[in-house]
Amino acid sequence: MKNRILVGIVGVPILLAIVIFLPLWVFALCLAFVAALGAHEFLRCAAPQAERPAVAVTLCAAVLAPLFAVIPQLTPYRLAPAFLLLIGLGVLLALSYREGRRQITVLECLGAFFAGGLIPYLLGALVRIGQLGVGAGAGQSGAAYILIPFVITFACDTGAYFIGTFLGKHKLSPLLSPHKTVEGSVGGFVCGMGFLPLYGLILQLIGGFSVNYPLLLLYGFVGCALCELGDLFYSAVKRQFGVKDYGRILPGHGGVLDRLDGMSFAAPAVEFLLLLAPALLVAR
């Protein structure tokens with residue numbers, strides 16, 4: 001628990017500084033690095049025997065996905081990195097059938113495509129959300145938009161962890177995730193949905209935003225539900241491949257995917273909701 005708290009104390013201010021005070025392209029560069037780490041973690045879990053060419057094209061696609069989302073000239077082609085990865089994997093699969101070479105399995109290709117194509121695209125929703133806020137209303141509200149999925153997922157994860165640790169008695173899914181409890185899951189929902197209106201109030205009082213609180217509650221409900229689903233999904237992947245954590249880069253948390261598993265599900269949902277109901281947070 002101590003390590004988890006220390007990571008939060010150090011990591012949250014760094015995240016806020018990058019999102020609030022630096023241009024969106026800097027955040028996109030940081031996300032590209034994080035996406036590459038996540039892709040490598042997933043590939044190491046799902047396709048540990050993948051050869052260097054497959055790893056290389058996977059990581060290249062992972063890096064490009066957030067950058068295609070932030071560069072205006074490339075934004076219309078934001079699916080291009082995933083498509084190029086598919087082509088690269090297809091070529092490598094065909095070449096692996098040459099005499100004397102180890103044949104790449106279809107499962108390895110699917111794992112590589114999920115790692116380098118889908119996960120970075122899902123996380124790239126954070127950059128696309130930031131672009132939705134640029135120029136909205138009377139100023140640049142991209143930072144406020146980007147922080148929405150972070151508030152949801154961090155509050156949901158933190159609430160689920162602490163409430164589950166101190167009050168949890170009923171296992172949520174013992175075979176899938178033995179430490180998760182029903183009480184923790186409910187606590188995650190309460191915290192995720194509760195902190196989002198508080199975040200909206202702060203923006204209203206300090207940032208001069210017009211806030212639609214019923215929509216914020218909807219955002220919180222959908223985001224929390226998908227955050228917990230994402231957590232369970234990535235846990236299922238780990239169980240099937242016999243892996244405890246995706247990595248060790250974050251003390252007390254594990255790897256990048258252990259921390260951002262719910263985010264990869266919640267962020268695209270927030271992007272969709274912002275497009276569907278853009279009046280959520282509009283600068284005056």
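Quantities reported herein were computed from a predicted structural model and do not represent experimental measurements.
- Nearest heavy atom pair, residue Met193 against residue Gly220, reads CG-C, 3.7 Å.
- The shortest distance between side-chain heavy atoms of Leu226 and Leu229 falls below 4.5 Å.
- Put simply, the side chain of Glu183 gets close to the backbone of His170: a donor and an acceptor are under 3.5 Å apart.
- No more than 12 heavy atoms of other residues, nucleotides or ligands lie within 6.0 Å of CZ in Arg248, so this atom counts as exposed by the packing criterion.
- Across all their heavy atoms, Ala115 and Thr58 have their closest contact at CB-CG2, 4.1 Å.
- Contact between Gly188 and Cys224 at its shortest, heavy atoms only, is O-SG, 3.9 Å.
- One N or O on the side chain of Thr75 and one on the backbone of Ile71 form a donor-acceptor pair closer than 3.5 Å.
- Other residues, nucleotides and ligands place more than 12 heavy atoms under 6.0 Å from the CZ atom of Phe233.
- Within the 4.5 Å cutoff, no side-chain heavy atoms of Cys191 are placed close to those of Thr158.
- No continuous path of ILVMFWY side-chain contacts below 4.5 Å connects Val106 to Phe113, so the two sit in separate hydrophobic clusters.
- Applying the 6.0 Å contact sphere to CZ of Phe195 captures no more than 12 heavy atoms from other residues, nucleotides or ligands.
- In terms of hydrophobic clustering, with Ile, Leu, Val, Met, Phe, Trp and Tyr side chains grouped at heavy-atom distances under 4.5 Å, Leu85 and Val55 are assigned to different clusters.
- A cation-pi contact, defined as under 6.0 Å to the ring centre and within 45° of the axis, is absent between Arg44 and Phe241.
- For the pair Glu51/Leu92, no side-chain contact is recorded, criterion being any heavy-atom separation below 4.5 Å from C-beta on.
- Leu274 and Ile148 get closest at one heavy-atom pair: CD2-CD1, 4.4 Å.
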Audit row: Arg78, Tyr121, side-chain contact (heavy atoms from CB on, under 4.5 Å) steps and yes/no: CA-CA 8 Å; Arg78 53 182 175 268; Tyr121 179 78; 4.1 Å; yes

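- Here Ile104 contributes atom CD1 and Cys109 contributes atom SG; the two are 5.5 Å apart, rounded to the nearest 0.5 Å.
- Residues Phe221 and Leu217 fail the side-chain proximity criterion, which asks for heavy atoms closer than 4.5 Å.
- Distance CG/Leu79 to CG/Leu84: 11.0 Å, rounded to 0.5 Å.
- For the atom pair CZ of Phe114 and CG of Leu122, the computed distance is 7.0 Å after rounding to the nearest 0.5 Å.
- One hydrophobic cluster holds both Leu132 and Leu196 under the rule that ILVMFWY side chains link at heavy-atom gaps under 4.5 Å.
- With a 4.5 Å cut-off on side-chain heavy atoms, Lys169 and Thr181 do not count as touching.
- One N or O on the side chain of Tyr199 and one on the backbone of Ala144 form a donor-acceptor pair closer than 3.5 Å.
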Stepwise side-chain contact (heavy atoms from CB on, under 4.5 Å) check, Cys60 with Val57: CA-CA 5 Å; Cys60 285; Val57 296; 5.6 Å; no

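- By the rule that hydrophobic residues join a cluster once side-chain heavy atoms approach within less than 4.5 Å of another member, Val151 and Phe21 end up as members of one cluster.
- Put simply, the side chain of Lys180 does not reach to within 4.5 Å of the side chain of Ser185, judged on heavy atoms.
- For the atom pair Arg128 CZ and Leu123 CG, the distance stands at 9.5 Å (nearest 0.5 Å).
- Linking ILVMFWY residues whenever their side-chain heavy atoms come closer than 4.5 Å, directly or via other members, places Leu22 and Ile14 in the same cluster.
- The side chain to side chain contact (heavy atoms under 4.5 Å, CB included) with Tyr246 is formed by just one residue from the set Asp258, Leu37, Val256; it is Asp258.
- Here the straight-line distance linking atom CD of Glu41 with atom CD1 of Ile119 works out to 9.0 Å at 0.5 Å rounding.
- If you take OG on Ser210 and CG on Leu203, they are separated by 11.5 Å, rounding to the nearest 0.5 Å.
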Steps toward side-chain contact (heavy atoms from CB on, under 4.5 Å) verdict (Leu67, Val127): CA-CA 9 Å; Leu67 302 183; Val127 177; over 6 Å; no

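- Inter-residue side-chain proximity for Leu172 and Val182 is flagged as met; some heavy-atom pair is nearer than 4.5 Å.
- Phe150 and Phe154 have perpendicular rings, their planes meeting at more than 60° on a 0 to 90° scale where under 30° would count as parallel.
- Gln204 and Tyr213 share a donor-acceptor pair across their side chains, judged by distance under 3.5 Å alone.
- Of all heavy-atom pairs between Ala80 and Phe68, the closest is CB-CE2, 3.8 Å.
- Here the closest heavy-atom approach between residue Ala155 and residue Gly192 is recorded as CB-CA, 3.9 Å.
- Not a single donor-acceptor pair under 3.5 Å links the side chain of Glu271 to the backbone N or O of Ala125.
- Remark: side-chain polar atoms of Tyr234 are not paired, donor with acceptor, to backbone N or O of Gly262 under 3.5 angstrom.
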Steps toward side-chain contact (heavy atoms from CB on, under 4.5 Å) verdict (Leu24, Ile146): CA-CA 10 Å; Leu24 183 60; Ile146 290 174; 3.6 Å; yes

